[in-house]
Structures are given as structure tokens and as C-alpha cells.
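Here is the structure we will look at, set down as C-alpha cells.
Note that ligands are numbered from 1 as they come in the structure, with each ligand's atoms numbered from 1 the same way. Computed over heavy atoms, backbone and side chain alike; hydrogens, waters and symmetry mates excluded.
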Amino acid sequence: MQTIAERLDSTREGIEKATALAHRPPNSVKLLAVSKTKPVSEINLAYEAGQRLFGENYIQEGVEKVQALKHLSDIEWHMIGPIQSNKTKLVAENFHWVQSVDREKIARRLSEQRPNDLPPLNVCIQVNIDDEPSKSGVSPADVAPLVTLIERLPNLVLRGLMAIPKAHANEDEQKKSLELLKQLFNECSATRTEFDTLSVGMSGDMQAAILQGSTMVRVGTAIFGARI
Ligand SMILES: *Cc1c(COP(=O)(O)O)cnc(C)c1O
């Protein structure tokens, strides 16, 4: 069996290869290690292997890990799961990034509840790129109004877009959703210096996402193994 350090290495290699294939500059794609359901001991192993960006899906579980690993002060914690409005305070107090902002109410509460002694919270808007009823995220048409709103909130910095594209049966359709996402991203980033993050690509579609312009891949299974 491969160790977490070995799996991290091959994931990084995969990112480098795809980045080169896309003729993009080296280091233009960040790796977020998705540690949901995995114990603190495994996050520690990934940390020792040089990983610094970690993503969590479940608020309670995520907060427990942030607290348990407080001494590793250079970890950057990303919330990437659905957020209930009664949990925004916990998120605002514990995370550096929230990638799953999908409505006005959540954005407003995160800004209001961000503690004054912390820097502004980095956020991405989650886009439901294939308009799937089962998935969270705003529809592509609703991205612009939410961008405008978030920009007015004092304790948030709008960093970009996040999406979980549908697993299309054929590659052309897959490409089409990613192209739409990239187009949305380009429109928003053109006039905004801090809007630099297109968070897309997971263990199974990392390469396709990097070819379509992803700047951050969120990888769980390929690093930590299957979740039970
Ligand atoms: C679980 C999850 C991932 C990681 O998925 P893998 O297929 O395990 O790499 C990425 N993004 C989100 C939003 C997730 O919920």
C-alpha cells in the first residue's frame, strides 16, 4: 500500500504534467487536500509531507480538526461543503476560506460574524454549472448579482468561483460545462485583481479541469484513499 506522502507526490506530479500539457506556467495550480472523514493523524502525515491547504466538508468535523491542529499555524483551512445559516459563525471564526457560498444570506452572515482580529475571509461563489437540482450552488445566471453583493461586504474578499461539474458520459459535454465555467470566471476576473481562483477538478477529473483553466484542484481520494 502507498503512503500518504507517496500519494501526495503522485498527485503533485499529475498536476505538474497537466499544467505543462496546458502550456500554463508551473505552480499555477494549487492543491487543496480534501481531508473530510479522515482523522487528524492523517492530516498530520500530509502536513509532514509539505501539504498546507486542507479542505473540509462538514462544519462540526472541520472545526474540531482546525482546533486540534491550531499549533500548525501555517495550515490554510477551506470550507467546501454546504453551509446552514445557523452554522455561519463557527465557519467565520475558524476557516481562512469558504468556497461554498451560494446565497446572499450566507454571505452577509459570514461577513457580520467574521471576528475583527482576523483578516477578511476569502470566499468563492459555488456555481451549479450543470443546473442539477440535487446540487448546491447558484445557477450561472445568478453569479453576477451575488458577485456585486459580496463585493460590498466589508469582511469578505471575493476570490473566485467553485464548481463540481456533472460527470458527463462523454468528453465533449464535460468540456462544454468546463468551458462555460471558464467563461464566467474570465468575465468576473477581468476587472478584479483578487478574483484569481477557479476551484474545479477532483481526483477523477483533475487533468481535464487543469486543461480548462482550473487554478485549484480539490483532491481527496487520490491522497487519503477511499472514504468509508
Ligand atoms: C469530497 C469532495 C472533493 C474530493 O473528492 P475526491 O473525489 O475524493 O477527490 C472535492 N470537492 C468537494 C466539494 C467534495 O465534497
Side-chain angles (χ1 to χ4, degrees), residues 1-18 29-40 42-43 45-46 49 51-66 75-84 87 91 95-103 106 110 122-139 143 159-168 174 177-178 181 185 197-228:
M1 226 178 83
Q2 281 189 308
T3 64
I4 284 177
E6 285 165 346
R7 286 163 172 273
L8 255 175
D9 266 347
S10 30
T11 304
R12 289 179 187 133
E13 256 171 51
I15 293 172
E16 276 169 34
K17 275 195 192 136
V29 180
K30 292 184 190 169
L31 172 59
L32 182 71
V34 178
S35 43
K36 64 181 176 207
T37 80
K38 299 295 176 181
V40 164
E42 294 191 10
I43 299 177
L45 291 174
Q51 182 62 29
R52 291 295 179 270
L53 275 54
F54 290 90
E56 288 287 334
N57 277 62
Y58 311 106
I59 294 170
Q60 199 60 47
E61 178 193 335
V63 168
E64 278 167 26
K65 290 175 183 172
V66 171
I75 289 187
E76 189 178 275
W77 291 101
H78 292 235
M79 172 48 61
I80 60 173
I83 299 169
Q84 308 82 348
K87 298 268 175 64
V91 176
F95 285 81
H96 302 95
W97 283 63
V98 180
Q99 297 197 10
S100 41
V101 175
D102 64 353
R103 56 194 192 276
I106 297 297
L110 288 172
N122 298 289
V123 302
C124 294
I125 294 174
Q126 182 172 353
V127 188
N128 189 349
I129 199 71
D130 298 292
D131 273 324
E132 291 176 277
S134 64
K135 264 185 202 156
S136 27
V138 299
S139 70
V143 169
R159 297 299 300 271
L161 303 178
M162 184 270 256
I164 312 170
K166 188 172 166 183
H168 290 289
Q174 192 81 39
S177 348
L178 285 172
L181 183 66
F185 175 76
T197 303
L198 181 57
S199 171
V200 65
M202 317 201 292
S203 296
D205 62 351
M206 206 175 76
Q207 174 158 327
I210 291 173
L211 286 169
Q212 292 294 328
S214 167
T215 70
M216 188 185 293
V217 289
R218 309 178 307 266
V219 180
T221 311
I223 296 171
F224 296 105
R227 290 175 293 271
I228 308 150

Go through ligand 1 atom by atom and flag the ones less than 4.0 Å from a non-hydrogen atom of [X].
{"X": "R218", "value": "4 (C), 9 (O), 10 (C), 11 (N), 12 (C), 13 (C)"}
{"X": "G220", "value": "4 (C), 6 (P), 8 (O), 9 (O)"}
{"X": "K36", "value": "1 (C), 2 (C), 3 (C), 14 (C), 15 (O)"}
{"X": "I164", "value": "13 (C)"}
{"X": "V219", "value": "9 (O)"}

| query | What part of T221, side chain from CB on, backbone N/CA/C/O, both or neither, has a heavy atom under 4.0 Å from ligand 1? | reply |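 The answer is both, backbone and side chain.
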
Heavy-atom pair of closest approach, residues [X] and [Y]:
{"X": "S214", "Y": "V200", "answer": "OG-O, 2.7 Å"}
{"X": "S136", "Y": "N128", "answer": "O-CB, 3.7 Å"}
{"X": "D205", "Y": "Q174", "answer": "OD2-NE2, 4.4 Å"}

| request: Using heavy-atom distances, let me know which of S203, G225, A226 sits nearest atom 6 (P) of ligand 1. | output: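 The residue whose heavy atom sits nearest atom 6 (P) of ligand 1 is S203.
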
| Applying a strict 4.0 Å limit to heavy atoms, is Q99 in contact with ligand 1? | no

| Are E56 and W77 linked by a side-chain donor-acceptor pair shorter than 3.5 Å? | no

| Is it true that the side chains of H78 and Q99 contain a donor and an acceptor less than 3.5 Å apart? | yes

| field | Nearest protein heavy atom with distance in Å, relative to atom 12 (C) of ligand 1 | value | I80 CD1, 3.6 Å

| message | Suppose we measure from atom 3 (C) of ligand 1 to each protein heavy atom; which comes out shortest, and what is that distance? | response |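 Answer, as residue, atom name and distance: M202 SD, 3.6 Å.
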
| request: Determine the interplanar angle of the F54 and F224 rings, folded into 0 to 90°, and report it as parallel if under 30°, tilted if 30 to 60°, perpendicular if over 60°. | output: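 Answer is tilted, since the angle falls between 30° and 60°.
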
| Should E61 and K65 count as an ion pair when the cut-off is N to O under 4.0 Å? | yes

